[in-house]
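For reference, the structure discussed in these notes is given below.
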Amino acid sequence: MATLADSRPAFTRLPHPAPVADEVRAEVLANPGFGSRFTDHMVTIEWSEEAGWHGATVAPYGPIALDPAASVLHYAQEIFEGLKAYRHPDGSMALFRPEANAARFNASAKRLAMPELPEALFIAAIEELVRADAGWFPTVEGGSLYLRPFMIATEAFLGVRPAKAYKFIVIASPAGNYFKSGAPAVSIWVSDYTRAAPGGTGAAKCGGNYAASLVPTAEAFAKGHDQVLFLDATEHRWIEELGGMNLFFAFADGSLLTPPLTGTILPGITRDSLITLAREEGLIVREERYALDQWRSDAASGQLVEAFACGTAAVVTPVGKVAGPDGDFTIGSGGPGQLTGKLKARLTAIQRGEEPDSHGWVHRIG
Ligand code: PLP
Ligand code: COI
């Protein structure tokens, strides 16, 4: 039987009979915030052992029916991705490095014992949704259409083993600033909790990692901080990443450091892109371990001049203040640094089609 894996993807298109009214949509697009409003459509593709990937559909956005015994509801067999579509100055629409998201999605699928999705199908599904909801690009400065592809185990079975049925879904949400505060630099809280241990699922983008980060994140918020910082699980000393972002450190000698990909942190696509851009700017970029103590003393001595968080949702966000059980410290002036600003400007100019794409990162949606 021909499946979507080996044929040109064919989507059944069921346009929304009553899309969101133009005036309401315009209001959302002028002030989208992050992740609370969704477009008119969604893409769904099913997987079964017998049929593989099948039934690709673009249909009205809405609730999904699940058997109460569906494995995802009990054993959290779920993975997701996050990427953005941009409206370029010439009116065209483009994705940023969707092939990298497709590859990471499949790495996550492998780790969570889920079926892999052909890269072409992952990208075609996203393109279908963006085309269907092309009227949903935010009108605010820095806005984009955030895409959230995810996969859940749908088989009704309570035994603990990989499910035999899955749904892949893509939804879209107009996005502005991730951080509500709109502050020029964020404040982070060093958590006593650990996010991921060696051999665990830290490098996979699975919902369970985020569920485990909610208590530490709530703790950070309650103390007035914007994000939580996790240290390594073994020595509780080495900086890993934030709840939803990777970290970079800039030194007075002109070098940049980011924690290495040892399997416990998410291999960020923004992280990878910034490493390339920083090297092009002539910076030495080291992927090395960095201890919290060292960060504190380097910040005090002036060796460490800037720090920033990066990710699809957060883009590039300066870190101004660090707080933890052992006290607080400030990075540089506590505000945005020059290098952070320069790297952010270069990255966003490429993403937004304002600078030529010499890396093959921009994927036009035809
Ligand atoms: N680390 C975590 C835990 C994340 O959730 C994210 C966001 O996706 C990142 C890092 C950054 O990854 P990317 O740059 O691919 O969005
Ligand atoms: C992203 O940046 O896409 C993320 O997934 C981070 C967070 C919103 C979970």
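Whatever order the structure lists ligands and atoms in, that order sets their numbers, starting from 1.
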Starting from [Y], can I reach [X] by hopping between I/L/V/M/F/W/Y residues whose side chains sit under 4.5 Å apart?
X	Y	result
L304	V190	yes
F251	V285	no
L256	L274	yes

Practice item. State whether E354 and R352 are salt-bridged, where the test is any N-O pair (Lys NZ or Arg NE/NH1/NH2 against Asp/Glu carboxylate O) under 4.0 Å. Key: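 R352 and E354: not salt-bridged.
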Exercise for review: State plainly whether the residues D90 and R364 are in salt-bridge range, i.e. N to O under 4.0 Å.
Suggested key: yes
If the cut-off is 4.0 Å to any non-hydrogen atom of [X], which atoms of ligand 2 fall inside it?
X	value
G244	6 (C)
G82	3 (O)
R148	5 (O)
K205	4 (C), 5 (O)
T312	2 (O), 3 (O)

Check your understanding: Under 3.5 Å, is there a donor-acceptor pair linking the side chains of H359 and E280?
Key ->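 Yes, because at least one side-chain N or O of H359 sits under 3.5 Å from a partner of the opposite role on E280.
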Check your understanding: So, E287 versus T258: side-chain donor-acceptor pair below 3.5 Å or not?
Key ->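 Side-chain D/A pair, E287 to T258: absent.
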Check your understanding: Would you say the side-chain atoms of N246 pair up with the backbone N or O of R271, donor to acceptor, closer than 3.5 Å?
Key -> no
N/O to N/O below 3.5 Å, does that happen between [X] and ligand 2?
X	value
L83	no
Y146	yes
Y178	no

Note every protein N or O atom lying under 3.5 Å from an N or O atom of ligand 1, pairing the names and giving the distance.
from	atom 1	to	atom 2	distance (Å)
ligand 1	1 (N)	E241	OE1	2.5
ligand 1	5 (O)	K205	NZ	3.2
ligand 1	5 (O)	Y210	OH	2.5
ligand 1	8 (O)	K205	NZ	2.8
ligand 1	14 (O)	I269	N	3.2
ligand 1	14 (O)	T270	N	2.9
ligand 1	14 (O)	T270	OG1	2.5
ligand 1	15 (O)	R104	NH1	2.7
ligand 1	15 (O)	R104	NH2	3.1
ligand 1	15 (O)	I269	N	2.8
ligand 1	16 (O)	T312	N	2.8
ligand 1	16 (O)	T312	OG1	2.6

Review point. Please, which pairs that meet salt bridge (charged side-chain N to carboxylate O under 4.0 Å, His left out) have at least one residue in residues 135-160, sequence neighbours excluded?
Key: E155-R161
Check your understanding: Among all protein non-hydrogen atoms, which one is nearest to atom 2 (O) of ligand 2, and what is the separation to 0.1 Å?
Key ->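 Minimum-distance protein heavy atom for atom 2 (O) of ligand 2 reads A313 N, 2.8 Å.
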Check your understanding: Among protein heavy atoms, which lies nearest atom 9 (C) of ligand 2, and at what distance?
Key ->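 The closest one turns out to be Y210 CE2, 3.8 Å.
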Check your understanding: For Q77 and S71, what are the C-alpha separation, side-chain angles and deciding distance, and is it a side chain to side chain donor-acceptor pair (under 3.5 Å)?
Key -> CA-CA 7 Å; Q77 225 190 338; S71 321; 4.8 Å; no
Check your understanding: Would you call the rings of W295 and F249 parallel, tilted or perpendicular if under 30° counts as parallel and over 60° as perpendicular?
Key -> perpendicular
Practice item. Answer yes or no for M245: is there a heavy-atom contact with ligand 2 below 4.0 Å? Key: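 No; M245 lies far enough from ligand 2 that no heavy-atom distance drops under 4.0 Å.
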Review point. Quick one: does ligand 2 sit under 4.0 Å from the side chain of K84, the backbone, both or neither, non-hydrogen atoms only?
Key: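 It is neither; nothing of K84 touches ligand 2.
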